[in-house]
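What follows is one structure encoded as structure tokens, with my remarks underneath.
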Amino acid sequence: MKRGTLSQGIGFTFLYLSMIIALISVGAILFFITKNGIKIISWEFLTSVPRRAMTQGGIAPALVGTFYLTIGAIFFALPFGVASAVFLTEYSPNSVVVNIIRMSINNLAGVPSVVFGLFGLSIFVRFFGFGVSILSGSLTLGIMILPGIISASQEALIAVPQSMREASLALGATQWQTIRKIVIPSALSGIFTGVILSIGRAAGETAPILFTAATFYTRGFPDSIFSEVMALPYHIYALMTEGTHPEEQTLIAYGSALVLLLLVIMISGLAIYLRQRQRRYDLA
Amino acid sequence: MKLSKVFICTAIISSLVMAKENKKISIEGSTTVLPIAQIAAEEYMMANPDVDITVRGGGSGVGIASLIEGTCDIADASRSMKDKEIKTAVNKGVNPVAHVVAMDGIAVVIHPSNKLKEISKEQLKAIYTGKYSNWSKLGGEKKKIIVISRDSASGTYEAFSKLTMDGERVRSDALLSASNRAVVTTVENTPGAIGYVGLGYITSKVKAIGVDGVQCTKASILSGEYPLSRPLFMYTNGNPCGQLKAFLDFVKSKEGQKLVEESGYVGLK
């Protein structure tokens, strides 16, 4: 009896410490980036273009570039992701082929992001001849976030009670009508949670856009999907490795890092909020 | 109604695709030439607001490969093109034309705590081939030499190895950095380190030492006295025309060369 209490105590302490360590790491990153980057953040920093050999001015082109790339990635990944998930949960027989497809999707999720970057370079930039562009970058990011969207959508679809499908079919609806009018609408908020988390990932990745979309400096805003763009994560990387004015540029890099961090936190926060609302809806 | 949505989407996409391409200049390549290309692009666009210039790094090799592939308009290079590259270019119907835009010296940098004041080309070669691995060989304190070099896509690497290594390879345990700035950061944080960077990248946190008795300065580079000096290039496919020509003329103009000097390189006379 006593031994049981003791090992339980040790176990709880360990769990508690693990949580503290996780909290400390998040806190330390936030504190460090904020402390170094907050000085430079201003409305002007967010809305002006880099000036004076990238030692002054702001990050507006990088913000706009990240926005376009993320929207583009969702534009490509969302329809295919949801369609795949619907097929896998609603239509697919439990055959070998389908199992292989499932396995491939899971493997795709584990591919390092730089590999997606190289893939994008050889396929979209070179083979299809899209060049270094928003289009190439969006497609590459889209493929990267595809597995995330598929699995989030699958979860959401599976969570829709079987009784709802049966009720719809019993009323004489076809399977397609059931999926379109009953299953997908009920799963929508779960799907959106997955999409929002994917937006956070797409906005924060450097490696996939390194060779496919990002550029060191451009002043204007993109005027076509074949434009190269600046992007926040790459901007940080480029300033730290290729700039010639370390003092000013390191500060700008920290400022950009803070903006990126806040952006991703805000996006994830939105996802958490939606998930909470969904839970309440489910319980009701 | 669904169809109309499809039409609108197609219309938006095609209008994006149709947007004019002709006033765009894409520059890619050497991280050494990058600051010159960036500030020149900035000033040029200020004067010509309808032109769009994008500038990216990657390394001389990457820039030249992109020029050959047709994915950039100007390839920055801190070395001249190799015979092999020229052959590939010609086979693909690309006719590379070199434009010298500035002069540069490759400065040898060490940690500020190191007392060494200068080095000879032979000693440099001995260090980079691995023959010397301790600073005591050069009359310094007993400390391991940490050799920092650049990756093989770097034109600075090519130029350095052509000027000092006589065709021998850099020791296999040298740390390879992907950019000039990365070399400087590593050297400033590593006592015992030695590296080489373009003149524009020297900071107060690292110590630049003379080579064969000559300090790396603008004067010694321009006079040709400094042994590790080299021209910096911008390559175009064929003789440039239109906006491309106007931009290159701007870089080579008095105003452009002033920007070259401001970025820490040596302007052409």
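Just so it is clear: chains get the letters A, B, ... in the order the sequence lines come, proteins before strands, and each one is counted from 1. This one's a predicted model, so the numbers in the text were calculated from it and none came from an experiment. The analysis underlying the following values was restricted to heavy atoms, covering all of them including side chains, and did not include hydrogens, waters or symmetry mates.
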Would the number of heavy atoms belonging to other residues, nucleotides or ligands and lying under 6.0 Å from CD of A/Gln177 be above 12?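 Atom CD in A/Gln177 is crowded, with more than 12 foreign heavy atoms closer than 6.0 Å.
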Looking only at heavy atoms, which of residues 129-137 of chain A get nearer than 4.5 Å to chain B?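 Residues in range: A/Gly131, A/Val132.
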By a 4.5 Å heavy-atom criterion (distance strictly below it), what part of A/Ala214 contacts chain B: side chain, backbone, both, or neither?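 Interface part for A/Ala214: backbone (N, CA, C, O).
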With rounding to the nearest 0.5 Å, note down the distance linking [atom1] in [X] to [atom2] in [Y].
X: A/Tyr237; Y: B/Ser179; atom1: OH; atom2: OG; answer: 6.5 Å
X: A/Glu228; Y: B/Ile53; atom1: CD; atom2: CD1; answer: 12.0 Å
X: A/Thr218; Y: B/Ile25; atom1: OG1; atom2: CD1; answer: 11.5 Å

Would you check if A/Ser227 and B/Lys24 make a side-chain contact, meaning some heavy-atom pair closer than 4.5 Å?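 Yes. Closest side-chain heavy atoms under 4.5 Å.
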Highest number of heavy-atom pairs under 4.5 Å with chain A: which of [options]?
options: B/Arg181, B/Glu43, B/Glu69; answer: B/Arg181
options: B/Cys72, B/Pro49, B/Ser263; answer: B/Pro49
options: B/Leu259, B/Thr54, B/Ile27, B/Ile39; answer: B/Thr54
options: B/Met46, B/Lys205, B/Arg56; answer: B/Arg56

Shortest non-hydrogen contact from A/Tyr217 toward B/Ala41: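 In terms of heavy atoms, the two residues are closest at CE2-CB, 4.1 Å.
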